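The figures that follow rest on heavy atoms only: side chains count, while hydrogens, waters and symmetry mates do not. Source: prediction; values computed, not measured. In what follows, chains carry the letters A, B, and so on, assigned in the order in which the sequence lines appear, proteins first and then strands, with residues in each chain numbered from 1.
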Amino acid sequence: RKEVEQDPGPFNVPEGATVAFNCTYSNSASQSFFWYRQDCRKEPKLLMSVYSSGNEDGRFTAQLNRASQYISLLIRDSKLSDSATYLCVVNPKQTGNQFYFGTGTSLTVIP
Amino acid sequence: NAGVMQNPRHLVRRRGQEARLRCSPMKGHSHVYWYRQLPEEGLKFMVYLQKENIIDESGMPKERFSAEFPKEGPSILRIQQVVRGDSAAYFCASSPPDRAYEQYFGPGTRLTVT
């Protein structure tokens with residue numbers, strides 16, 4: 001079983017739509033969780049950390065459900081510039097600082 | 001504050017040659033990580049280093065691959081006797097010593113083995 005699993009999509013949504021991505025992780029002892037964004041042929045960039053209490057940054061909301069071992073990302077009022085691949089990232093901590101990346105979910109926002 | 005720097009950005013090698021990939025972490029960052037991204041796959045952890053120490057190399061292939069982070073100069077990922085399957089994007093990330101969970105990525109080196 002993969003450490004981190006994501007629906008690869010693609011998700012094609014119109015501008016202004018709300019879209020949600022989910023991700024599941026296998027290691028119940030995992031400590032840190034993140035969403036990264038990766039544009040085509042570019043490096044991943046940290047979008048936001050995910051906390052147990054949930055957190056919001058503008059149009060983006062991240063949630064963590066430890067009992068079910070899944071992480072979600074909600075994007076409201078989608079913009080064309082949101083088109084990218086969104087990577088779910090888990091740090092099991094007890095194995096050091098290596099990150100486990102999901103394969104990513106592709107989002108295209110259509111005008 | 002310059003970001004993580006990697007060079008070269010693109011590297012072409014023939015089978016059997018050596019590839020050397022360089023990574024300069026962000027200023028003040030003492031932790032370096034190397035990841036490999038194969039086409040249509042997610043990033044896979046390879047190795048985690050601090051200055052002059054390899055902390056975790058559990059993701060590194062046992063043969064032909066090595067990494068170092070000397071006291072002075074960039075971190076180097078070295079691939080000896082490259083094969084076609086080594087063709088991938090290799091990303092380096094760095095993190096500050098007090099927030100090791102925040103990793104900032106360089107632009108990557110795209111290695112093509114012909």
Mutual orientation of the aromatic rings belonging to Y33(B) and F99(A) [parallel < 30°, tilted 30-60°, perpendicular > 60°]: parallel

According to the interplanar angle, ranging from 0 to 90°, do the rings of F33(A) and Y25(A) count as parallel (below 30°), tilted (30 to 60°) or perpendicular (above 60°)? tilted

I'd like to know if the side chain of [X] and the backbone of [Y] have a donor-acceptor N/O pair within less than 3.5 Å.
| X | Y | answer |
| --- | --- | --- |
| T108(A) | N12(A) | no |
| S24(B) | P74(B) | no |
| T109(B) | P8(B) | yes |

Do Q6(B) and E43(A) meet the criterion of a side-chain donor-acceptor pair at a distance under 3.5 Å? no

Residue part contacting chain A, namely of L43(B), when any heavy atom lies under 4.5 Å: both

Hey, which of P107(B), G108(B), A93(B) has the most heavy atom pairs under 4.5 Å with chain A? P107(B)

Kindly write out the residues that satisfy salt bridge (charged side-chain N to carboxylate O under 4.0 Å, His left out) with R13(B), not counting sequence neighbours, or none if the list is empty. none

Applying a criterion of heavy atom separation less than 4.5 Å, what residues of residues 51-64 of chain A form contacts with chain B? none

Please identify, among Y36(A), F101(A), F34(A), the residue contributing the most non-hydrogen atom pairs under 4.5 Å to chain B. F101(A)

Structural part of Q6(A) lying under 4.5 Å from a heavy atom of chain B: neither

Output the distance between atom CD1 (I79(B)) and atom OH (Y90(B)), rounded to the nearest 0.5 Å. 4.0 Å

